[in-house]
Amino acid sequence: MTLTDWRDAPSDVVQPLLLSERARVLDALHWDLAPALRLVEQARQRGDVPGLILHDRKGEPIGWAFYLLAHRTLQLGGLQARTAAGLRLLLDRVLASPEAELAQGVSCFLPAASPSLVSALGRLRFEIRVHDCLEVSLASWPGAPADGTPLRLLRETDAPAIVRLLARAYAGERSARTFAPTGRIEEWAQYVGQILTGPSLGTWRPSQSFGVDAPGGILQAAVLTTEIARQVSHVAQIAVDPDARRRGLARRLLLAAGAAAAAEGMKRLTLVVDEANTPARDLYASLGFAPLGRWIHATRGPVPRRIGGVVVRASRKRAA
């Protein structure tokens, strides 16, 4: 097996890899990655996103991966190969890249395609958290709640309030690393920006996104809904302030989001939940959500770098 820089590859070599990934995820998780993959391809052609293509002895592509250094974290994408040995080779080469040397950590959020992926990541001392993708049909959705705490539609101008709500709701939670690796407010801001304006989590649907305000006007609960495929809505985020929990707000928000999605012709509603989040899983099960597939969130610290055969740990001061 050999590896080549995917920035040197013509589009007719890369496009089948991206189309295959799109088809795989759409079939398994009802998530259309086409908008996000288009941006990746445009960045690849500009030379802005490094990546690798794995070839067999005949030169045929049998795997690929791309990566990006952002906010001092090396973020991995794609990471597909036909064999476990191919996955290990891709990971080894990515973690030996100049971008990895500068990173303070490595992160990826990938569909759980095979046990080989978990094994390859575990071999390199990644901490792995499994997230279940759940789905419910909207054909018999119970409808929006008729009474109780008033809900309102969210607007893009609510972004700062949503950022502060998520920071409060996830404070001290290990699952927060999926969204904000170190819990900094700027990481939450970037994450909310991705939901509201980016393609990676689908297209935001304000008409299916609701909030609950406290008497003083502070946002105390919210559900952010996107469209991830034709006739498929997705709960990209739902959060309740710790001081407002155990009042049924999450259930009301989900009922409202699902009812709005059904009214707009959506057939399915999906969401992703940490497998260890038992209270949330119980709530979703009570509303009819069932397992659809799994995602893997994997993280690790700085990659040791070698100078003259000696392992040297990356300096946090230098990497900053």
Side-chain angles (χ1 to χ4, degrees), residues 29-31 109 111-112 127-138 140-152 154 161-183 187-188 191-192 195 201-202 208-214 218-226 228 233-261 268-299:
L29 301 171
H30 301 156
W31 194 315
F109 192 72
E127 178 184 345
I128 298 171
R129 295 185 69 86
V130 177
H131 297 254
D132 287 318
C133 182
L134 308 180
E135 177 190 59
V136 66
S137 170
L138 292 175
S140 58
W141 192 252
D147 52 14
T149 305
L151 308 180
R152 68 170 177 86
L154 293 176
I162 296 169
V163 169
R164 292 191 291 270
L165 169 62
L166 293 181
R168 296 194 305 273
Y170 282 98
E173 296 286 340
R174 289 174 58 85
S175 59
R177 296 181 186 178
T178 305
F179 318 111
T182 63
E187 292 174 337
W188 285 114
Y191 171 63
V192 171
I195 296 176
L201 294 170
Q208 302 172 23
S209 302
F210 298 87
V212 176
D213 292 327
I218 297 175
L219 186 67
Q220 63 179 183
V223 59
L224 300 172
T225 310
T226 64
I228 59 171
S233 286
H234 177 71
V235 177
Q237 186 57 247
I238 182 167
V240 179
D241 189 290
D243 292 336
R245 290 173 182 168
R246 291 176 292 278
R247 289 165 39 189
L249 294 182
R251 178 180 290 274
R252 285 181 55 78
L253 288 168
L254 281 171
L255 287 171
R268 299 183 176 108
L269 183 65
T270 66
L271 53 81
V272 176
V273 59
D274 190 313
E275 68 172 358
N277 190 345
T278 301
R281 292 170 64 86
D282 289 345
L283 169 62
Y284 303 146
S286 72
L287 291 171
F289 283 89
L292 178 62
R294 286 186 159 187
W295 293 81
I296 292 173
H297 180 236
T299 57

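All values derive from a computational prediction rather than experimental measurement.
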Nearest heavy-atom neighbours spanning [X] and [Y]:
| X | Y | answer |
| --- | --- | --- |
| Arg252 | Leu151 | O-CD1, 3.9 Å |
| Ala280 | Val273 | CB-CG2, 4.0 Å |
| Gly293 | Leu29 | CA-CD2, 3.6 Å |
| Trp188 | Ala180 | CE2-CB, 3.5 Å |
| Ala298 | Ile128 | CB-CG1, 4.2 Å |
| Arg281 | Glu275 | CD-O, 3.4 Å |

Describe, in one word, how the ring planes of Phe179 and Tyr191 are oriented to each other, choosing from parallel (under 30°), tilted (30 to 60°) and perpendicular (over 60°). tilted
Checking [X] side chain against [Y] main chain: does a donor-acceptor pair fall under 3.5 Å?
| X | Y | answer |
| --- | --- | --- |
| Asp274 | Ala276 | yes |
| Arg245 | Val240 | yes |
| Thr225 | Ala257 | no |
| Thr226 | Leu201 | yes |
| His234 | Thr270 | yes |

Euclidean distance, [Y] [atom2] relative to [X] [atom1], rounded to 0.5 Å:
| X | Y | atom1 | atom2 | value |
| --- | --- | --- | --- | --- |
| Arg129 | Phe109 | CZ | CZ | 11.5 Å |
| Ile162 | Ile195 | CD1 | CD1 | 8.0 Å |
| Leu271 | Ser233 | CG | OG | 11.5 Å |
| Thr278 | Leu283 | OG1 | CG | 12.5 Å |
| Leu254 | Leu269 | CG | CG | 7.5 Å |
| Leu253 | Phe210 | CG | CZ | 8.5 Å |

Contact between Leu292 and Arg268 at the side-chain level, heavy atoms closer than 4.5 Å - yes or no? no
Between Leu255 and Leu287, is a side-chain contact (heavy atoms from CB on, under 4.5 Å) present by the stated rule, with each step listed? CA-CA 9 Å; Leu255 287 171; Leu287 291 171; 3.9 Å; yes
Quick one: ring pair (Phe, Tyr, Trp, His ring centres under 6.0 Å) partners of Trp141, sequence neighbours excluded? none
Holding to ring pair (Phe, Tyr, Trp, His ring centres under 6.0 Å), I want the full list of residues that pass it with Phe289, two or more places apart in sequence or in another chain. Tyr284
The test is side-chain contact (heavy atoms from CB on, under 4.5 Å); show your working for Leu154 and Leu219 and say whether it passes. CA-CA 10 Å; Leu154 293 176; Leu219 186 67; 4.3 Å; yes
